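A short worksheet on the structure shown next.
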Amino acid sequence: MFPVGLGCMGLSWAYRDPTIDETAGIELIQKALDLGVDHFDTADVYGPFANEALVGRALAGRRDQVVIATKVGLVVEDIATYRYGRNGRPEYVRASCDASLRRLGVDQIDLYYLHRIDPQTPVEETWSAMAKLVQEGKVRSLGISEPSVAELERASAIHPVAAVQSELSLWTRDHLAEVVPWCARHGAAFVAFSPLGRGYLTGAIPADARFGPEDFRAKLPRFRPDAVAANQAIVDKVRSVAARREVTAAQIALAWVLSRGEHVLVIPGTQRRRYLEQNVAAAAIALTPSELAELDALPAPVGGRY
Ligand SMILES: NC(=O)c1ccc[n+]([C@@H]2O[C@H](COP(=O)([O-])OP(=O)(O)OC[C@H]3O[C@@H](n4cnc5c(N)ncnc54)[C@H](OP(=O)(O)O)[C@@H]3O)[C@@H](O)[C@H]2O)c1
């Protein structure tokens, strides 16, 4: 797979720009295909449901050229406040898979993730139900989002874990110690979500930025006004490395994540063609040892992830 995929969430959810309509979203996804992107990430919960339908429409007719990844297990409880619940019960997973196939307009999902492990359902039960979907041909391979190594061991004892999708970026390094190496040892891809720090690491979010309640970031500690201001020192460093290379901060942020291993992929999200082009071009940037040392030494951010 090309190391830079496209995270499609923002086209329908979380940070959606209402001035970008569905036609423009479809064009963006198709432009990504033309640029060589072959991995598109969505989830039933994005929209909810609208994002899978958008991705399905955009990829219709070119389905054979791509990996379509979607997810099950998070349930929106309140749209206005982005409140989610979890559901990993086997019957729910089966019904959700059928619904995702319909919305995507495909016969098979290439990569089906458990979006979050449901604390009320042992991971073995959910994962067995997902493995059955593989046996039935509805799904080609399975992944999990945000698991611990202990959970990966439990799941992989039942069916191989083809991919782990968890947050990894210059300001979120939690998974480097255990999960990223586990993936390398087990032949699984590590798919880094929010590799641009939900936009922050690109430098496009000013120190005085304020997010309205319709923007998911308003809920996140790192996007509170004090944290946005305090973390500018991180962005300044990324920008200075970028300026010396004559590339953008976003490209440096993506190149750093990709430098964490051959099996590490990124799925930056964007609604804009010029960002998409930059992000795709980041695949060709190899950071030097001194650039890596500078970026590795960045301070930890102010504010938790969620
Ligand atoms: N498994 C999970 O739990 C989970 C959680 C979060 C996300 N995801 C997946 O991961 C994907 C990516 O994560 P994300 O969208 O949260 O965060 P991200 O990729 O780190 O950042 C997206 C933000 O960065 C901006 N951006 C993108 N490219 C840029 C560039 N070159 N220059 C300046 N700004 C740029 C986007 O702006 P515009 O939107 O204005 O273009 C958007 O605001 C999602 O689409 C989704 O598929 C999964």
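Counting starts at 1 for both ligands and their atoms, following the listed order. These figures come from a predicted structure and were not determined experimentally.
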Would you call D215 and R217 a salt bridge, using N to O less than 4.0 angstrom? yes
Among Q251, R16, R272, closest by heavy atom to atom 40 (O) of ligand 1 is R272
Within 45° cone of W13 ring axis and under 6.0 Å: R16 NZ or CZ: no
Please classify the D17 to ligand 1 contact at 4.0 Å (heavy-atom distances, strictly less than): side chain, backbone, both or neither. neither
For ligand 1, the portion of E146 having any non-hydrogen atom under 4.0 Å away: neither
Partners of S166 by side chain to side chain contact (heavy atoms under 4.5 Å, CB included), sequence neighbours excluded? E146, P147, V164, H175, F190
Of Y306, F211, F216, which meets ring-ring contact (aromatic ring centres under 6.0 Å, His included) against F223? F211
Where does C8 meet ligand 1, judged by heavy-atom distances below 4.0 Å: at the side chain, the backbone, both, or neither? backbone
Do any heavy atoms of R217 fall under 4.0 Å from ligand 1? yes
For Y15, the ligand 1 atoms whose distance to one of its heavy atoms is below 4.0 Å: 14 (P), 15 (O), 16 (O), 17 (O)
Note: ligand 1 atoms sitting under 4.0 Å from heavy atoms of R116 are 2 (C), 3 (O)
T202 neighbourhood, listing ligand 1 atoms whose heavy-atom distance to it stays under 4.0 Å: 32 (N), 33 (C), 34 (N), 35 (C)
Using a 4.0 Å heavy-atom cut-off, which part of S194 comes near ligand 1: side chain, backbone, both, or neither? both
Six-ring centre of W127, R154 cation under 6.0 angstrom, axis tolerance 45°: no
Filter on side chain to side chain donor-acceptor pair (under 3.5 Å), then keep only pairs touching residues 199-214, sequence neighbours left out; what's left? Y200-Q232
Judged by heavy atoms only, the candidate from P268, S145, G269 nearest atom 1 (N) of ligand 1 is S145
Scan side-chain atoms only and decide if S194 and E167 contain a donor-acceptor pair under the 3.5 Å cut-off. no
Answer yes or no: does atom CG of D226 have more than 12 heavy-atom neighbours from other residues, nucleotides or ligands under 6.0 Å? yes
Below 4.0 Å, non-hydrogen atoms only: which portion of Y275 touches ligand 1? Side chain, backbone, both or neither. both
Are any of the heavy atoms in E167 under 4.0 Å away from ligand 1? no
Closer than 4.0 angstrom: is that true for some heavy atom of Y46 and an atom of ligand 1? yes
